[in-house]
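Below you'll find the structure, written out as structure tokens, and then a few comments.
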Amino acid sequence: MKRYFHHELEDLRKHLILMGERSIDAVRLSMQALLADDVSMAGQVIALDDEIDRLEVLIDAECVRYITLRQPVAHDVRLMTVAMKANHELERAGDEATSIAKRARRLAEFGKVDDFYNIPRMGELALEQLRDAMDAFIAEDVEKALLVPRRDKEVDDLNRENYVKFTDKISAHSESSHATIELIFISKSLERIADHATNIAEEVVYLLKGEDVRHTQEVRRTAM
Amino acid sequence: MNSVITHKPFMSDPAKPAAESISTPVVSAPASASAANAAQPAAKEEIAFDIQDLSIFYGSHQAIKNVTIQIPSGSVTAIIGPSGCGKSTALRALNRMHELTPGARHTGKILMKGQDLYGPGVDATVVRRRVGMVFQKSNPFPTLSIAENVLVGLRLNGVRDKAFLNKRLEESLRMAALWDEVKDFLNRPGTGLSGGQQQRLCIARALAVRPEILLMDEPCSALDPIATAKVEELIHALKAQYTVVIVTHNMQQAARVSEKTAFFYMGKLIEYGPTEQIFMNPKDPQTEAYVSGRFG
């Protein structure tokens, strides 16, 4: 029996999906700003971040209201907790994208970057992870959700390689150290975005199965 | 919606002088300024009940203490509070049912759409027609069929037109979300229905005389969860056309169905406001204690 307030659940899902789309757009545009040297994209990323922040506040308010007034249980209460956690992860992903965009603007002042090393590949993977986590939520696909944390190691490994290469570069070419430091931070931001995607995917598993798979064998990630 | 009733004073006893009929003015009296917890409605909100410094006594016992509250039209207002707090007494005062208790008296005023319910010459029967009531225990008349239960109010008021009665019967049962379940055996006894159906039958009976306001005194306390959900859905649908005031000891129900909630304790109105605010961020510590289950 569908109750008259169940449309509020559908509204919540829509807002969460929209927030996911905006976060993915923000990451994509920030990578464009960086790799295509198109700093005009940075302004778009910042505008998207404002929208992402507003959605975070809205979704939290919707969840608290629904929990208070509708007393959800089972799947519905899991949806509330997952929505509140996932929207925080998406908001942080948006912040990381903004950070990348701002660093891209600063990098442009130092001239063209000669080698991004693993950054382009990390950008592709981070976007893929975010998309897959959101797709798993939309499609209610547990298997798709479980693949996301299992791929996180690749992003972590690429970030570690970057760190070694970039620190070597600083030692060898101190004149470009400011630019190289920005690249280290960008690499870290992409690694964090992939972590946020992993966290969202784990929440999706909890939503669909009622099982908390964080820190378990099922989704084990390599320790730093 | 056609209303044969409003054009005829047939609710009054012919032996008595014609009662002052309660018309439907649009201007309501301002709320008393003395009650700190009286909520001030939005400027354009129409007021169904303007209760001013109301106290109700049963003999020497004061059951309601200086309550001032404005209940908006076209919405659901819930009254919550622990047992004995006076919520049912307050509800029953809104259609003068409390007068049926020997020794009952009151001070203060209750204005319904601007007119004093207890004004000189006001017929309580007329009041109870305009302000219908549904009780905790469903009470279909045991000797009457489903159809007769719904139409008893109209028949008692002299309505005989068969076509009109049949139309009103179907409309009322549809409004009570019961028509599809009973349309093929309207002549069966009303008491033959399930508990939830009986309660919806009583709602249909109340609606058949086209009240403006519906009072509900713990209408779901005797019902199972599915029947409760059906009644709640019905309440949600009814508020488009009616003002509903519901007393419930089920706080979760109050949170689900109402726009505004009034918390009573020991005869006093402790806090009144939007339901969302009462349950998410109550202003009074007693309200917080009650809604979070820390009372007692």
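First the proteins, then the strands, lettered A, B, ... as listed; each starts at 1.
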Counting neighbours of NZ on B:Lys283 that are heavy atoms of other residues, nucleotides or ligands and sit closer than 6.0 Å, is the number greater than 12? no
Residues of residues 191-203 of chain B with a heavy atom under 4.5 Å from any heavy atom of chain A, in residue-number order, are none
Show me, pair by pair, the donor-acceptor contacts under 3.5 angstrom made by side chains of residues 45-60 of chain A, not counting sequence neighbours?
| residue | atom | partner | partner atom | Å |
| --- | --- | --- | --- | --- |
| A:Glu51 | OE1 | A:Arg22 | NE | 3.0 |
| A:Glu51 | OE2 | A:Arg22 | NE | 2.9 |
| A:Glu56 | OE2 | A:His88 | ND1 | 3.4 |

Check this for me: A:Tyr163, atom OH, are more than 12 non-hydrogen atoms of other residues, nucleotides or ligands nearer than 6.0 Å? no
Taking C-beta and beyond as the side chain, do A:Asp76 and A:Met80 meet within less than 4.5 Å on heavy atoms? no
Heavy-atom proximity to chain B below 4.5 Å, by part of A:Phe5: side chain
Taking the cut-offs as 6.0 angstrom to the six-membered ring centre and 45 degrees off its axis, would you call A:Arg13 and A:Phe137 a cation-pi pair? yes
Distance flag, aromatic centroids of B:Tyr290 and B:Phe263, threshold under 6.0 Å: yes
